[in-house]
Amino acid sequence: YEFMGVNSIGIQNPESEKVWFQINEAIRNHNIPQLSGAPGTGKSAIIGDLASRLAKCCFDIHLNENFTMGVMTQFLRGVCESNMWGNMENINLLKVSVMSVISSHFQTIKTAQTIHLREFTLDNHITRMYPGVAFLCTENMVEGAAYLKKIPLSLRTLFRKTSVQLPDMANLICSILRVNGFKKPVTMSRNLVRAVTNVYKIIASNEYNKAHFYKHIIQKAVNMLSENQEAQEGLVFYSVLTEHFEYLLPTEEFLLTKSFLQQVY
């Protein structure tokens with residue numbers, strides 16, 4: 001792995017700095033940082049940004065219930081022998097039986113790191129160990145989701161849990177709009193958050209990724225404004241939102257949504 005420099009980095013805020021500190025403390029003590037939060041709160045982005053800042057190669061593996069113990073063992077051995085970070089996305093999607101077994105593997109790896117072994121045995125295979133190896137994981141928290149498994153106690157004892165929450169979206173969006181040359185970033189950010197929050201209340205749905213949704217809407221608004229710099233910023237967001245919801249909602253819900261957006265903009 002050759003570090004080629006930092007090409008891009010997320011917006012730094014006190015929340016991300018706190019999580020970075022907790023990740024470093026967990027890794028320093030040979031524990032596994034566990035970032036827990038709702039989808040779209042930036043768990044993976046925080047890990048990726050920290051790896052970039054520290055010039056670490058971080059390999060992400062997106063887990064699901066179909067992962068077998070054999071696949072997980074190959075992943076663990078591969079990370080140990082490659083001197084990199086291994087990030088396990090959505091670890092609570094694994095089968096409980098698999099999580100119970102890998103807890104013993106993690107304990108073996110932690111012991112090898114603590115006593116500075118150059119080689120150790122993992123699942124009856126001689127495995128090399130490098131000092132820069134670390135494992136991290138993320139856990140999606142969705143209320144009432146039956147597909148998410150409870151992490152066994154044997155595995156939780158090796159984790160150092162950190163809750164990740166979305167920052168103040170209005171302030172974050174305001175910064176993004178200001179960077180992109182909007183003349184009224186404060187008003188536009190407040191109106192956007194108000195509009196989106198209330199529209200999803202109207203349609204009685206919480207099934208959306210806030211961060212990705214705002215990113216999509218802002219990007220379309222930026223593109224539209226760059227094509228016509230004389231356009232009113234409020235009308236730009238109104239056009240983008242109505243176009244988005246028109247293809248997403250049934251006719252009756254869309255008419256209610258359009259009426260509310262007209263009041264906002």
Side-chain angles (χ1 to χ4, degrees), residues 1-4 6 10 16 19-37 39 41-140 149 151-152 154-162 164:
Y1 171 68
E2 182 180 357
F3 179 60
M4 303 299 291
V6 179
S16 62
V19 176
W20 287 341
F21 175 79
Q22 292 171 336
I23 289 174
N24 279 321
E25 281 298 295
I27 292 176
R28 187 172 65 86
N29 293 308
H30 307 304
N31 292 312
I32 302 172
Q34 178 195 9
L35 273 60
S36 177
T41 49
K43 301 182 292 295
S44 304
I46 287 175
I47 292 174
D49 287 349
L50 180 60
S52 296
R53 287 175 180 271
L54 298 179
K56 292 289 186 180
C57 178
C58 184
F59 182 81
D60 298 324
I61 182 171
H62 297 268
L63 304 176
N64 58 59
E65 62 180 7
N66 296 321
F67 274 68
T68 63
M69 194 57 241
V71 174
M72 291 303 300
T73 302
Q74 288 180 357
F75 168 73
L76 298 180
R77 295 188 64 234
V79 171
C80 289
E81 297 197 346
S82 301
N83 194 24
M84 62 168 63
W85 285 6
N87 177 30
M88 298 166 287
E89 298 277 358
N90 305 326
I91 194 165
N92 54 338
L93 290 179
L94 286 174
K95 294 178 180 176
V96 175
S97 57
V98 174
M99 286 192 281
S100 298
V101 175
I102 64 171
S103 64
S104 63
H105 287 353
F106 279 131
Q107 186 61 61
T108 301
I109 292 171
K110 180 178 180 178
T111 301
Q113 290 178 315
T114 303
I115 61 179
H116 308 291
L117 293 180
R118 299 294 297 271
E119 288 185 344
F120 68 104
T121 302
L122 186 67
D123 196 33
N124 298 321
H125 292 88
I126 300 297
T127 305
R128 289 176 295 173
M129 172 60 75
Y130 289 92
V133 169
F135 290 94
L136 310 92
C137 70
T138 67
E139 175 190 24
N140 271 342
K149 314 296 191 303
I151 298 176
S154 58
L155 192 55
R156 276 189 282 134
T157 55
L158 299 172
F159 288 166
R160 294 300 177 265
K161 187 173 181 177
T162 300
V164 181

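Below, all heavy atoms of this structure are taken into account, side chains as well, without hydrogens, waters or symmetry copies. If you read the sequence from its start, that first residue is 1, and numbering goes on from there. Keep in mind the model is a prediction, meaning the values are calculated, not measured.
Across all non-hydrogen atoms, the minimal contact from Cys80 to Tyr130 is O-CD1, 3.4 Å. For the pair Cys57 and Met84, the tightest heavy-atom approach, listed with the atom from each and the gap, is O-CB, 3.2 Å. Smallest separation of non-hydrogen atoms from Asn140 and Asn92: O-ND2, 2.9 Å. Looking at every heavy atom in both residues, Glu89 comes nearest to Asn87 through OE2-ND2, 3.0 Å. Between Ile126 and Glu119, the closest heavy-atom pair is CG2-OE1, 3.7 Å. Closest heavy-atom contact between Asn83 and Gly132: OD1-N, 3.0 Å.
Side-chain N or O atoms of Arg77 include none that pairs as donor or acceptor with a backbone N or O of Thr127 at under 3.5 Å. A side-chain donor-acceptor contact under 3.5 Å links Asn64 to the backbone of Asn66. Checked by atom type and distance alone, the side chain of Gln34 never pairs as donor or acceptor with a backbone atom of Arg156 at under 3.5 Å. A donor-acceptor pair under 3.5 Å is absent between the side-chain atoms of Ser104 and the main chain of Ser100, judged by distance alone.
With a 4.5 Å cut-off on side-chain heavy atoms, Leu93 and Phe67 do not count as touching. For the pair Leu94/Ile102, a side-chain contact is recorded, criterion being any heavy-atom separation below 4.5 Å from C-beta on. Side-chain contact between Lys110 and Ile32: absent, with no pair of heavy atoms (C-beta onward) separated by less than 4.5 Å. Between Gln113 and Met129, some side-chain heavy-atom pair lies under the 4.5 Å cut-off. Two residues are said to be in side-chain contact when any heavy atoms from C-beta on lie closer than 4.5 Å; Phe120 and Thr111 fail this criterion. Annotation: side chain of His105 is not in contact with side chain of Met72 (no heavy-atom distance under 4.5 Å). Counting heavy atoms from C-beta on, the side chains of Asn24 and Leu54 come closer than 4.5 Å. Contact check for Lys149 versus Met99: side-chain heavy atoms found under the 4.5 Å cut-off.
With values rounded to the nearest 0.5 angstrom, Leu76 atom CG is found 7.0 Å from Met88 atom CE. Taking CG of Leu155 as the start and CD of Gln107 as the end, the distance is 11.0 Å to the nearest 0.5 Å. Distance check: Asn31 CG to Gln22 CD gives 13.0 Å after rounding to the nearest 0.5 Å. Here Leu158 contributes atom CG and Ile151 contributes atom CD1; the two are 11.0 Å apart, rounded to the nearest 0.5 Å. To the nearest 0.5 Å, the span separating CZ on Phe21 from CG on Leu50 amounts to 12.5 Å. Between the CZ atom of Arg160 and the SG atom of Cys137 there is a distance of 11.5 Å, given to the nearest 0.5 Å.
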Full working for side chain to side chain contact (heavy atoms under 4.5 Å, CB included) between Cys58 and Ile47 = CA-CA 8 Å; Cys58 184; Ile47 292 174; 4.0 Å; yes
inquiry  = side chain to side chain contact (heavy atoms under 4.5 Å, CB included), that's the test. Do Val101 and Thr73 meet it? Break it down for me.
reply    = CA-CA 10 Å; Val101 175; Thr73 302; over 6 Å; no
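Relative orientation of the Phe75 and Phe59 rings is tilted, given thresholds of 30° and 60° on the angle between their planes.
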